[in-house]
Colleague: 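I am attaching a structure below and will ask some questions about it afterwards.
Along the sequence shown, the residues carry numbers beginning at 1.
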Amino acid sequence: NEHWSGSMEPSIATRYVFTITAQIAGVTSAGQLGFGERRIIPITGGEVRGKDLNGKVLGFGADFQIVRPDSSIELEAKYAIESDDGATIYVENRGIRCGPIELIQKLNRGEAVDPAL
């Protein structure tokens with residue numbers, strides 16, 4: 001009959017699994033929303049490479065973005081990958097991209113930016 005008292009902080013750990021390199025088509029603006037510009041960027045293909053998962057990005061899906069007045073971008077990408085063994089995997093990424101205004105403006109213009117930045 002043991003009793004546990006006290007609290008334990010949960011720990012979060014990450015582990016590298018794979019890298020997705022996606023090919024994209026041109027940006028389409030769907031207009032102003034009052035709190036930012038809605039943009040749609042088609043995902044047209046790509047590849048997945050990792051220790052335990054390799055495959056290709058299927059040629060459909062898109063990144064639906066809202067570019068906010070402060071130049072941060074709310075991202076919501078939905079697409080699928082097909083593993084080398086034939087499994088289809090649905091992928092949904094959500095996040096916010098932000099950074100120094102000069103770099104964000106370069107990205108918005110489609111210019112190359114060093115990924116390390």
Side-chain angles (χ1 to χ4, degrees):
N1 199 354
E2 293 182 34
H3 294 278
W4 181 69
S5 63
S7 64
M8 236 178 123
E9 291 290 322
S11 65
I12 297 175
T14 60
R15 168 176 75 87
Y16 171 80
V17 179
F18 54 82
T19 296
I20 297 176
T21 305
Q23 299 163 346
I24 58 173
V27 176
T28 298
S29 175
Q32 290 294 325
L33 302 169
F35 53 86
E37 176 193 9
R38 166 67 74 189
R39 299 189 320 178
I40 304 166
I41 304 170
I43 297 171
T44 60
E47 67 176 14
V48 180
R49 294 287 170 253
K51 180 180 170 225
D52 298 321
L53 179 65
N54 291 285
K56 63 183 178 181
V57 177
L58 297 176
F60 56 85
D63 183 359
F64 303 93
Q65 302 181 346
I66 298 173
V67 181
R68 298 178 178 165
D70 67 359
S71 295
S72 64
I73 301 175
E74 183 179 328
L75 310 164
E76 184 177 350
K78 297 180 179 187
Y79 53 101
I81 59 178
E82 182 180 297
S83 66
D84 283 349
D85 64 1
T88 300
I89 303 165
Y90 171 73
V91 180
E92 185 171 326
N93 301 324
R94 294 175 183 245
I96 296 176
R97 183 178 75 190
C98 58
I101 188 74
E102 311 80 42
L103 290 179
I104 297 297
Q105 288 173 343
K106 277 185 158 187
L107 289 169
N108 290 344
R109 290 191 300 265
E111 296 176 21
V113 172
D114 180 352
L117 298 174

Colleague: Report the C-alpha separation of Asn93 and Tyr79 in whole Å, then their side-chain angles, then the decisive distance to 0.1 Å, and conclude whether the side chain to side chain contact (heavy atoms under 4.5 Å, CB included) test is met.
Modeller: CA-CA 9 Å; Asn93 301 324; Tyr79 53 101; 2.9 Å; yes

Colleague: How long is the straight-line distance from CZ of Arg49 back to CZ of Phe18, given to the nearest 0.5 Å?
Modeller: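 The distance works out to 12.5 Å.
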
Colleague: Under 4.5 Å between any side-chain heavy atoms of Val48 and Leu53, yes or no?
Modeller: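 Yes, their side chains come closer than 4.5 Å.
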
Colleague: Looking at Ile43 and Ala77, what are the two nearest heavy atoms and their distance?
Modeller: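 Scanning both residues completely, I find the closest heavy atoms to be CD1-CB, 4.4 Å.
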
Colleague: Is there a side-chain contact between Glu47 and Lys56, using heavy atoms and a 4.5 Å cut-off?
Modeller: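 No - every pair of side-chain heavy atoms lies 4.5 Å or more apart.
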
Colleague: Kindly work out whether a path of hydrophobic side-chain contacts (I/L/V/M/F/W/Y, heavy atoms less than 4.5 Å apart) joins Val17 to Ile89.
Modeller: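 Hydrophobic grouping puts Val17 with Ile89.
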
Colleague: Which residue is it: Ile66, Ile73, Leu75? I am looking for the one with a side-chain contact (heavy atoms from CB on, under 4.5 Å) to Arg39.
Modeller: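 Answer after filtering Ile66, Ile73, Leu75: Ile73.
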
Colleague: Between Arg94 and Glu92, does the salt bridge (Lys or Arg N to Asp or Glu O under 4.0 Å) criterion hold? Intermediate values first, please.
Modeller: CA-CA 7 Å; Arg94 294 175 183 245; Glu92 185 171 326; 2.8 Å; yes

Colleague: Could you check whether any side-chain heavy atom of Phe64 comes within less than 4.5 Å of a side-chain heavy atom of Glu74, counting everything from C-beta outward?
Modeller: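 When only atoms from C-beta onward are counted, Glu74 and Phe64 do not touch, as no gap falls below 4.5 Å.
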
Colleague: Just wondering, do Arg97 and Ser72 contact through their side chains at under 4.5 Å, heavy atoms?
Modeller: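 Heavy-atom side-chain distance check fails, nothing below 4.5 Å.
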
Colleague: Search all heavy atoms of Thr21 against all heavy atoms of Val57 and return the closest pair with its distance.
Modeller: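 Taking every non-hydrogen atom into account, O-CG2, 4.2 Å.
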
Colleague: Does a side-chain heavy-atom distance below 4.5 Å link Glu76 with Gln65?
Modeller: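 No, every pair of side-chain atoms sits at 4.5 Å or beyond.
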
Colleague: Rounded to the nearest 0.5 Å, what separates atom CG in Leu103 from atom CD in Glu111?
Modeller: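 If I round to the nearest 0.5 Å, the distance is 10.5 Å.
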
Colleague: Quick check: closest heavy atoms across Glu37 and Ser29, and the distance to 0.1 Å?
Modeller: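 Glu37 and Ser29 have their closest heavy atoms at OE2-OG, 2.6 Å.
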
Colleague: Side-chain contact test, heavy atoms from C-beta onward, threshold under 4.5 Å: evaluate it for Asp63 versus Ile24 and give yes or no.
Modeller: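 Asp63 vs Ile24: side chains apart.
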
Colleague: What pair of heavy atoms forms the shortest contact from Ala30 to Ile40, and how long is it?
Modeller: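 Taking Ala30 first and Ile40 second, the nearest heavy atoms are CB-CD1, 4.4 Å.
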
